[in-house]
Amino acid sequence: MPSMTNPDEKPATGRPPTTFAVIVTSYNYRAFVAEAVEKALAQTRAPIQVIVVDDGSTDGSDELLRQRFGADPRVTLVCAPNGGQLHAFQRGIALLDADVACFLDSDDCWEPDYLARLGALYDARADVDFVFSDMQYFDQREGDLSFHARELDLGYTAISTYVLTCWYGAPTSAVSMRAGWARRVLDLPEAFRADWRTSPDNCLVYGASVLGARKYYLPTGCVRYRMHGNNAWASNRSAEQGYLNLIRTRRLIGHYAHVAGFDDTACDIKACKYEYRTKPRPPWFETTRYARLVMMRRVWPLWRKWEFALSVLARGWKSRRA
């Protein structure tokens, strides 16, 4: 594995090292945003860009950012009228000039080796398009948020996301993807900005899945998610809000499916089985998910459903015991 401190050293693949841009979006988080930017700049594997988008803050955040980072050539500062976080993502992506985009909420921060851990994977795996990590809560609450106990190559996830609304990702600060995918995912009509003024990490996660990105879960222990009582995700937990979120999520998935030319006819029983086979070591919950997908498909004769479902379960059981 190449050194993580020498940006000129090529990885063992012979390709140039993966370059990173960090997109920090902020709205009225003056108390936190400078720390987020400083810790992005302090990575042991330095990003070539830190793009900070202040989304029309009224608490003096824009003035603080200009004072602290206005003269720093490593930082591109965008102070724009308030348009919501999705629009802030889009403004940041428009300035992207790196191989991989990493997203960072201004109330969160990273440990110094986060980009080094990501870089080792992106350098080694040109086929991986989207990487997400675990998170550690801090401030008013401690704990962790993880997808699985070990790292996982999740392969492709379009069908399970389209049919079952499965979430293969993490909140904003633990998400990264190759630049081309970031541009595709965020190429959304203006009408979607009202739906995703907050929690646009749904666009990153669902869009990448449905459009066909290969996903990878890499627990790093480096992403710190601040719990401070004003988190958009934590404050949207009522039953009514959950219902409304599901409706707009299905609308979002439907848009990406239309862009990809993807519909129910693309989710036949063979496609479900083949998507499952793109996962080298699927965990059991993923195996049962795909067995369920197979059983939901309309096929004749009916015994073929059972044949395909049992083949999925057999492969998953073998992987589980390996």
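Since the structure is predicted, the reported quantities are computational estimates derived from the model, not experimental observations.
For an aromatic pair to be called close, the ring centres must be under 6.0 Å apart, and Phe262 with Tyr162 satisfies this. For Phe89 and Trp196, the ring centers sit 6.0 Å or farther from each other. The distance between the ring centers of Phe132 and Phe147 falls below 6.0 angstrom. Aromatic rings from Tyr225 and Phe138 are positioned such that their centres are separated by 6.0 Å or more. Separation of the Tyr217 and His148 ring centroids does not fall under the 6.0 Å cut-off.
A cation-pi arrangement is present between Arg184 and Trp181, with the terminal nitrogen or guanidinium carbon under 6.0 Å from the aromatic centre and inside a 45° cone about the axis.
A salt bridge links Asp153 and Arg125; the closest N-O separation between the charged side-chain nitrogens and carboxylate oxygens is under 4.0 Å.
Defined by atom type and a distance below 3.5 Å, a donor-acceptor pair is present between the side-chain atoms of Asp113 and Thr44. Between the side chains of Thr161 and Tyr168, no donor-acceptor pair is found at a separation under 3.5 Å. For the residue pair Thr220/Ser133, the side-chain donor-acceptor check at 3.5 Å is satisfied. Side-chain polar atoms of Ser199 and Asn202 form no donor-acceptor pair below 3.5 angstrom.
Panel note: side chain Ser209, backbone Tyr206; no donor-acceptor pair is recorded below 3.5 Å. Using a distance-only test at 3.5 Å, with no hydrogens or angles considered, no donor-acceptor pair links the side chain of Arg117 to the main chain of Leu218. No donor-acceptor pair closer than 3.5 Å links the side chain of Asp107 to the backbone N or O of Phe32. Remark: the backbone N or O of Arg224 is not paired with any side-chain donor or acceptor of Gln136 at under 3.5 angstrom. Distance alone, capped at 3.5 Å, places no donor-acceptor pair between the Thr19 side chain and the Ala98 backbone.
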When you look at Gln85 and Asp105, which way does the side chain to side chain donor-acceptor pair (under 3.5 Å) test go after all the steps?
CA-CA 10 Å; Gln85 194 176 14; Asp105 281 342; 2.7 Å; yes

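Ring pair Trp317/Trp284 is perpendicular by interplanar angle, where above 60° counts as perpendicular and below 30° as parallel.
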